[in-house]
Amino acid sequence: MTDTINQPGARSLRLGVAGPVGTGKSSVIAAICRNLRDEFQLGVITNDIYTDEDARFLKSAGVLPEERIRAVETGSCPHTAIRDDVTMNLIAVEDMERDFAPLDIVLVESGGDNLTATFSPALVDAQLFVLDVAGGGDVARKGGPGISGADLLVINKIDLGEHVDVDVDRMVAEAQEARNGGPVLALSRKRPETVEKLCDWVRQMQRTYAAGGHIPKDPGPMAPHHHAHDDDHRHGHGHGHGHSHD
Amino acid sequence: MSGSLHPDTAVKSTGAMFAHAVLACALSHDGRKSVVSTLRSDGPLVLRQCNPKGPEPLIHKRRDIARASLAAGTAGPIGGDRYALDVHVGAGSTLVLNEVSAMLVLPGVGGGQSRMSITITVEAGATFVWWAEPIIAAHRCNHRHDVRIALADDARLVLREEMLLGRHGETPGDFTSRLRITRGGSALYDQQLGFGPSAAGWNSAAVLGGRRAVGSIIAVEPDWVQTPPAALPYDTHAALTPLAGPGVAIGAVARDSLDLRRLLTQGLNTLGPPWAI
Amino acid sequence: MGQQAALLLLADGRLPAGGYAHSGGLEPAVRAGRVTDMAGLEAFLIGRAATAGLIAAAFAAVACQRMARGDLTDLDALETELDARIPSPELRKVSRDLGRQLRRAMQAIHPHGIYAKLGPAPHQPIVMGVAAAVLGLDPHRAALAILHENNAGAAAAAAKVMRVDPFDVHAILARMTAQLDHLARSAAQAADGPLADLPAPGAPLSDIAAEHHRRSDVRLFAS
């Protein structure tokens with residue numbers, strides 16, 4: 001038994017789910033699992049900043065058997081774990097694929113970070129980027145590699161739009177513009193038809209991937225990014241990965 | 001086995017002591033009890049058969065086993081001394097070794113290193129219980145303690161080791177202690193502890209954290225190959241940890257000897273019978 | 001391969017092998033209130049290097065030497081000897097997790113048939129030693145690589161779990177260079193002797209703290 005380097009086609013579709021803290025990545029994954037678990041063999045890897053909170057959430061939600069949900073601890077560097085140094089996640093995905101072979105889809109949830117963290121194509125075949133309306137209607141317009149380059153942009157919690165003064169249609173239109181017409185999905189777990197659209201997208205992606213017709217693409221290198229704790233100040237920060245300073 | 005010394009008993013002109021004591025036990029001819037077959041004291045290392053001394057794990061004052069105690073006949077070891085003790089527990093027999101009092105390790109007049117080498121062999125189906133008293137590393141001592149235990153695959157062992165960093169209110173001299181246990185010839189447990197002015201970082205948060213007493217209980221039970229006890233950090237300064245083989249190490253770092261004894265006993269008792277005392 | 005540059009490659013914290021997720025026991029030591037200031041941090045790093053660091057260095061040196069000789073027959077015994085020197089099951093697991101990750105990374109970066117033969121989850125120092133030999137490094141440099149990587153990794157974690165000036169943290173690393181050189185030489189020497197005599201300096205509080213950390217509900221680092 002060794003850690004092999006799998007070739008595409010011989011393994012599951014590896015689907016990344018990224019996005020800022022609190023936008024609903026875990027609930028998007030829960031929805032996918034709940035609705036697709038009878039059609040596909042699924043596994044989930046969560047990445048957490050503190051301990052294994054997200055894995056516990058998904059386990060308690062009962063969307064998959066517990067052993068198919070595993071946590072990777074990222075040492076407070078969630079973006080490093082999906083981008084610069086994917087080894088831990090890669091091994092977690094490969095272990096999952098080996099332990100439950102054959103799996104159709106492994107979902108990898110990034111630790112909630114910021115607008116610039118995207119998955120390396122070395123780790124996932126396709127990725128969702130999740131925003132929510134509560135984060136502000138102008139977030140999509142601001143762009144960034146996740147928003148502009150992910151295979152699918154999800155704008156979540158659209159049922160809250162009226163409560164937070166966000167025009168959902170406009171936000172979706174602006175997101176489409178930022179993505180040069182790439183797919184944008186307005187989602188609310190309270191509107192089953194939107195969840196069904198999400199599942200259709202995943203089905204389509206899995207079919208394309210299994211047929212060898214999907215080439216993983218990179219949303220693009222990280223732009224200078226800012227953290228929640230320093231609102232205006234753009235900077236590179238000290239993990240040694242090579243994004244530019246201002 | 002490396003580390004064993006077999007010096008002739010002698011008192012050199014420097015005043016240093018060389019001593020080599022031997023203890024062995026075997027199953028009696030009828031197979032019903034264990035008997036001490038060799039009891040060779042030497043100089044300051046005085047071995048005597050004895051009765052149960054306080055609570056003991058695993059054996060619980062049974063009368064059909066062999067029991068001996070080790071008494072240091074003089075103060076020491078002191079710098080320059082070379083002590084050796086060989087213990088042999090014959091197939092199927094059970095031996096308890098305890099100690100009369102704590103061992104105080106002192107500096108010698110000439111400032112040389114004192115050494116104590118203990119070599120223990122526990123044969124097939126045998127059980128060895130070593131319920132030692134603390135070793136106290138006095139100020140300016142320079143001591144090397146070396147214990148090598150070779151267990152047969154189905155031998156049992158429980159031992160306690162306690163080290164105190166100086167007598168009351170003093171800082172310890174240089175002290176290193178190594179305890180290596182093999183089982184069926186393969187390494188099971190191998191830990192060295194070093195402290196004193198010549199050692200680096202021992203008083204740090206990574207090693208002893210400024211505390212003055214450190215010790216462990218090691219228990220080896222062949223049946224644990226199937227179901228080892230679970231790890232249990234039962235105190236901020238103590239944990240029970242299952243080894244990679246069928247044994248556990250209960251480690252504690254304490255304020256003083258009483259605190260250490262309390263923590264180690266607490267850890268042992270989490271194993272339940274027959275280990276608890 | 002150029003020896004000096006290959007050493008830097010292997011010792012670099014940016015080598016994508018997952019080391020960034022570990023604090024080398026610093027986070028648990030800080031949370032337990034045992035490291036509170038820079039002096040405590042320096043003592044911690046020195047104590048850790050002299051114990052777990054020396055063990056890792058010696059085992060990396062042995063693995064490197066055996067690989068260079070093309071004789072890995074005592075690899076299983078080496079794993080067993082290392083297990084015997086790590087009482088905490090949590091720390092044994094961390095060492096094996098990091099070993100798997102390093103193996104996974106090196107197999108992708110600079111492939112070699114030996115990596116597939118190291119067993120399901122080899123210890124990190126053993127993979128490091130083998131990787132060093134594959135890169136043409138000698139046992140002394142293998143020891144140096146793991147000493148530096150482990151030490152710098154724990155030091156880097158200080159910025160996240162303590163209130164520290166990062167310059168002060170690196171000042172500690174600068175002061176420790178002579179100690180690491182000394183430990184690496186000892187480790188390389190030990191590699192020439194029997195496995196049973198390899199260094200075994202224990203660190204009781206590190207073992208105890210690692211077991212507490214695994215059970216802690218809120219932690220930044222995996223270890």
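Keep in mind that what you see is a predicted model, and the values were worked out from it rather than measured. Letters A, B, ... mirror the listed sequences (proteins, then strands); counts begin at 1.
- Contact check for B:Gln192 versus C:Pro199: no side-chain heavy atoms found under the 4.5 Å cut-off.
- Judged by distance alone, with hydrogens and angles left aside, the side-chain atoms of C:His212 form no donor-acceptor pair with the main-chain N or O of B:Tyr234 at under 3.5 Å.
- Contacts of B:Leu243 with chain C are made by both backbone and side-chain atoms, with heavy-atom separations under 4.5 Å.
- Heavy atoms of C:Arg48 lying under 4.5 Å from chain B belong to its backbone as well as its side chain.
- C:Ala50 touches chain B through its side chain: at least one heavy atom from C-beta onward sits under 4.5 Å away, while N, CA, C and O do not.
- Residues C:Leu205 and B:His237 form a side-chain contact, since some pair of their non-hydrogen atoms from C-beta on lies under 4.5 Å apart.
- Contact check for B:Arg211 versus C:Arg34: no side-chain heavy atoms found under the 4.5 Å cut-off.
- Closest approach of C:Pro89 and B:Thr241 over heavy atoms only: CD-CB, 3.6 Å.
- The nearest pair of heavy atoms linking B:Arg178 to C:Leu198 is NH2-O, 2.7 Å.
- Most heavy-atom pairs under 4.5 Å with chain B, from the set C:Glu90, C:Arg85, C:Gln179: that is C:Arg85.
- If you measure heavy-atom distances from C:Arg214 to chain B, you find no contacts under 4.5 Å at all.
- Counting heavy-atom neighbours within 6.0 Å of B:Arg140 CZ, excluding the residue itself, gives a total of 12 or less.
- Looking at B:Leu193 and C:Pro204, their side chains come closer than 4.5 Å, going by heavy atoms from C-beta outward.
- Contact tally against chain C (heavy-atom pairs below 4.5 Å) for B:Gly251, B:Ala238, B:Gly194: the top residue is B:Ala238.
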* Asked: Could you go step by step and tell me if C:Ile86 and B:Gln191 meet the side-chain contact (heavy atoms from CB on, under 4.5 Å) rule?
  -> CA-CA 8 Å; C:Ile86 310 174; B:Gln191 288 281 278; over 6 Å; no
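- Note that CG of B:Asp190 and CD1 of C:Ile55 are 8.5 Å apart. Values are rounded to the nearest 0.5 Å.
- Put simply, of C:Ala32, C:Ala77, C:Ala52, C:Gly202, the one with the most heavy-atom pairs under 4.5 Å next to chain B is C:Gly202.
- Note: B:Ala200 leads B:Ala200, B:Ala199, B:Gly245, B:Ser186 in heavy-atom pairs under 4.5 Å with chain C.
- Minimum heavy-atom separation, B:Ala231 to C:Glu211: CB-OE1, 3.4 Å.
- For chain B, no part of C:Leu45 is nearby; none of its heavy atoms comes within less than 4.5 Å.
- Residue C:Thr51 touches chain B through its side chain alone, counting heavy-atom pairs closer than 4.5 Å.
- Of residues 203-210 of chain B, those residues with a non-hydrogen atom less than 4.5 Å from any non-hydrogen atom of chain C are, in numerical order, B:Ser204, B:Ala205, B:Ala206, B:Val207, B:Leu208, B:Gly209.
- Ranking B:Val214, B:Ile181, B:Asp235, B:Leu232 against chain C, the residue ahead of the rest is B:Asp235, based on heavy-atom pairs under 4.5 Å.
- Within residues 252-277 of chain B, the residues that have a heavy atom under 4.5 Å from a heavy atom of chain C are B:Ala252, B:Val253, listed by number.
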